[in-house]
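Working notes, beginning with the structure itself.
As a basis for the values below, the full set of heavy atoms in this structure was taken, side chains included, without hydrogen atoms, waters or symmetry mates. Being a predicted model, the structure only gives us computed values, none of them experimental.
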Amino acid sequence: MMTSPNTMPDVSDAQMKILTHMEEMVVDTFNRMRLTCATKCTNKKFDVSDVIKQEAVCIDRCVAKYMEFHDLIGKRLSRDKDTYDLLSNPPVFEKTEVENSTSDNVR
């Protein structure tokens with residue numbers, strides 16, 4: 001049976017909470033970036049109604065740096081989480097036949 005493209009697939013309450021939280025994080029990141037870059041780059045006198053080229057270039061660079069930094073932090077946190085998970089739950093390796101026969105011969 002085909003589903004309509006406008007219908008949501010079955011999503012649990014936990015998944016919906018995660019999706020809502022992720023959406024809130026994206027909106028928060030955008031708002032922080034907007035505020036930071038506007039504060040840094042726009043004319044504080046507001047004597048010109050349009051964004052001048054210098055402001056536009058500054059905002060473009062600010063947004064690029066902000067997103068690059070945000071991506072770098074995300075990758076670092078992901079790597080650190082993977083490292084933490086590995087340290088807290090180390091993999092268990094079973095002895096191979098060669099190791100078993102070697103340890104039997106050592107005794």
Expected list for residues 25-32: side-chain donor-acceptor pairs under 3.5 angstrom, two or more places apart:
unit_1	atom_1	unit_2	atom_2	d
D28	OD1	R32	NE	3.4
D28	OD2	R32	NE	2.9
T29	OG1	M25	O	2.9
N31	ND2	V27	O	3.4

Show me the donor-acceptor pairs within less than 3.5 Å that the side chains of residues 67-76 make with the rest of the protein, sequence neighbours left out.
unit_1	atom_1	unit_2	atom_2	d
D71	OD2	K75	NZ	3.3
R76	NE	D80	OD1	3.4
R76	NE	D80	OD2	3.3

Taking side-chain contact (heavy atoms from CB on, under 4.5 Å) as the test, write out the residues that go with [X], two or more places apart.
| X | answer |
| --- | --- |
| R61 | V57 |
| T39 | L35 |
| S78 | D82 |

- If you measure from the SG of C58 to the SG of C37, is it under 2.5 Å?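 Taking the criterion (SG atoms under 2.5 Å apart), C37 and C58 fail it, so no.
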- Message: Nearest 0.5 Å, please: how far is OG1 in T36 from CE in M33?
- Response: 9.0 Å
- Given a cutoff of under 4.5 Å between side-chain heavy atoms of I, L, V, M, F, W and Y, with clusters grown through shared members, what are the other residues clustered with M22?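 Besides M22, the cluster holds I18.
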